[in-house]
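Data first, discussion second: the structure below is written as structure tokens.
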Amino acid sequence: MYITYETAQWANDGQGDYVKYHHQLPKSVPDALPKPEFMPTKLVRISDIQVMDGSQVNEGYCALSYAWNQSGEIIQDGVTGKYKRIDEGKHKIIQEERDNSGKNTDNNQQEQREEKYVKFEGVIQQICQQFNIKYIWYDQICICQDDKEEKQREIRNMYRIFSNAYCTVALVPEFRYLSYDEDKSSISSLLYQKDMLQQHEWFKSLWTLEEAIQSRKLLFVGRNTHMWGGEDPLSSAIHWENQNQDFNVNTDQEVTP
């Protein structure tokens with residue numbers, strides 16, 4: 001499955017209104033993260049998507065939590081029965097630019113949209129750059145999938161990896177914000193639903209649930225909207241719908257053909 005990410009992000013402006021940010025987001029990761037006592041064996045440097053020895057990184061990091069089947073095509077080997085991921089670079093990034101920087105509350109202004117197709121790590125790089133994340137841990141790159149010994153060792157370290165990360169980015173591409181017109185007035189509203197929450201891929205997995213429990217804080221990132229969880233990450237994950245109970249939702253998952 002391939003996903004879509006939009007660089008123009010809708011978010012709470014701190015005063016209860018959702019506005020559209022094209023450049024500077026209202027809240028991002030601090031520039032200097034203190035280095036925790038525990039560092040993962042490997043980390044991804046976002047600037048060039050290079051795998052680094054965790055012991056050589058002198059600052060804090062973030063972790064990524066995502067549904068594996070949203071990172072590409074999952075194919076089962078007919079002989080071994082094992083599953084493998086194939087990424088043909090069909091993930092879509094929609095870049096939207098304006099002449100003026102900052103937040104947008106006027107939908108009548110001209111916007112320029114460009115689309116590009118990337119592999120999964122390209123989406124992660126884009127997200128991390130927008131949220132000022134310099135180093136991130138995620139399993140596909142930081143664990144050699146063909147090395148059973150390494151996989152077992154890193155699985156045993158999962159709690160330490162997520163609990164020592166500054167935050168965990170929870171990638172939930174089904175979450176999106178839509179605009180609509182009512183009585184000829186342009187009205188923007190965060191479209192979110194609670195009844196079908198468990199149908200979103202991120203909420204189906206026991207792995208992501210465990211990662212949420214282990215995390216200090218959660219940053220939920222959707223297709224074109226995001227929100228920071230509270231101090232209780234699991235509560236934030238389960239009760240996100242209660243914070244937006246007055247909104248509706250679009251549950252369609254876009255898959256790039």
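Counting from 1, the numbers follow the sequence of the chain as shown. Note: hydrogens, waters and symmetry copies are ignored here, and every other heavy atom, side chains too, is used.
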Q: Mind running ring pair (Phe, Tyr, Trp, His ring centres under 6.0 Å) on His91 and Tyr5 for me, showing each step along the way?
A: CA-CA 8 Å; His91 298 283; Tyr5 175 75; over 10 Å; no
Kindly work out whether a path of hydrophobic side-chain contacts (I/L/V/M/F/W/Y, heavy atoms less than 4.5 Å apart) joins [X] to [Y].
| X | Y | result |
| --- | --- | --- |
| Val169 | Leu33 | yes |
| Leu218 | Phe162 | no |
| Phe131 | Val118 | yes |
| Val51 | Tyr66 | yes |
| Tyr135 | Met158 | yes |

(Q) For Ile49 and Ile141: C-alpha separation, side-chain torsions, deciding distance, then whether side-chain contact (heavy atoms from CB on, under 4.5 Å) applies. (A) CA-CA 9 Å; Ile49 308 295; Ile141 292 186; 4.3 Å; yes
**Q.** Heavy-atom pair with the smallest gap, counting every atom of Lys217 and Cys167
**A.**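 Looking at all heavy atoms of both residues, the shortest contact is CG-CB, 3.4 Å.
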Q | Heavy-atom closest pair, residues Lys35 and Ser55 | A |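 Minimum heavy-atom contact is NZ-O, 3.9 Å.
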Do [X] and [Y] come within less than 4.5 Å of each other through their side chains, counting heavy atoms only?
| X | Y | value |
| --- | --- | --- |
| Leu171 | Trp202 | no |
| Gln95 | Gln126 | yes |
| Ile143 | Trp137 | yes |
| Thr4 | Pro173 | no |
| Lys27 | His226 | no |
| Val221 | Phe175 | no |
| Asp48 | Gln125 | no |
| Leu25 | Asn132 | no |

Q: Just do the side-chain contact (heavy atoms from CB on, under 4.5 Å) check on Ile94 and Arg223 with the steps written out, would you?
A: CA-CA 10 Å; Ile94 300 177; Arg223 171 175 168 146; 3.8 Å; yes
(Q) Whether the side chain of Arg85 engages the backbone of Ser71 through a donor-acceptor N/O pair (distance < 3.5 Å, no angle test) should be reported. (A)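 Yes; at least one donor-acceptor contact below 3.5 Å.
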Q. Would you say the side-chain atoms of Tyr61 pair up with the backbone N or O of Ile161, donor to acceptor, closer than 3.5 Å?
A.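 Yes, Tyr61 side chain to Ile161 backbone: donor-acceptor pair under 3.5 Å.
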Q: Sort out for me which residue in Lys148, Gln152, Glu154 forms a side chain to side chain contact (heavy atoms under 4.5 Å, CB included) with Glu150.
A: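 It is Glu154; the other options fail the test.
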Q) When you look at Thr168 and Glu211, which way does the side chain to side chain donor-acceptor pair (under 3.5 Å) test go after all the steps? A) CA-CA 8 Å; Thr168 295; Glu211 291 162 359; over 6 Å; no
[X] [atom1] to [Y] [atom2] distance, which is reported to the nearest 0.5 Å:
| X | Y | atom1 | atom2 | answer |
| --- | --- | --- | --- | --- |
| Phe203 | Leu209 | CZ | CG | 10.0 Å |
| Ile136 | Leu64 | CD1 | CG | 5.0 Å |
| Gln112 | Glu96 | CD | CD | 10.0 Å |
| Ser47 | Gln129 | OG | CD | 8.5 Å |
| Gln9 | Met227 | CD | CE | 13.0 Å |
| Lys92 | Lys116 | NZ | NZ | 14.0 Å |

Q | From CA spacing to verdict: side-chain contact (heavy atoms from CB on, under 4.5 Å), Cys142, Thr41 | A | CA-CA 8 Å; Cys142 295; Thr41 306; over 6 Å; no
Flag yes if more than 12 heavy atoms outside [X] fall under 6.0 Å of its [atom1] atom; otherwise flag no.
| X | atom1 | value |
| --- | --- | --- |
| Phe38 | CZ | yes |
| Gln76 | CD | yes |
| Lys84 | NZ | no |
| Trp68 | CH2 | yes |
| Leu206 | CG | no |

Q | Pair Glu121-Lys119, salt bridge (charged side-chain N to carboxylate O under 4.0 Å, His left out): steps then yes or no | A | CA-CA 6 Å; Glu121 55 264 32; Lys119 291 190 174 183; 5.4 Å; no
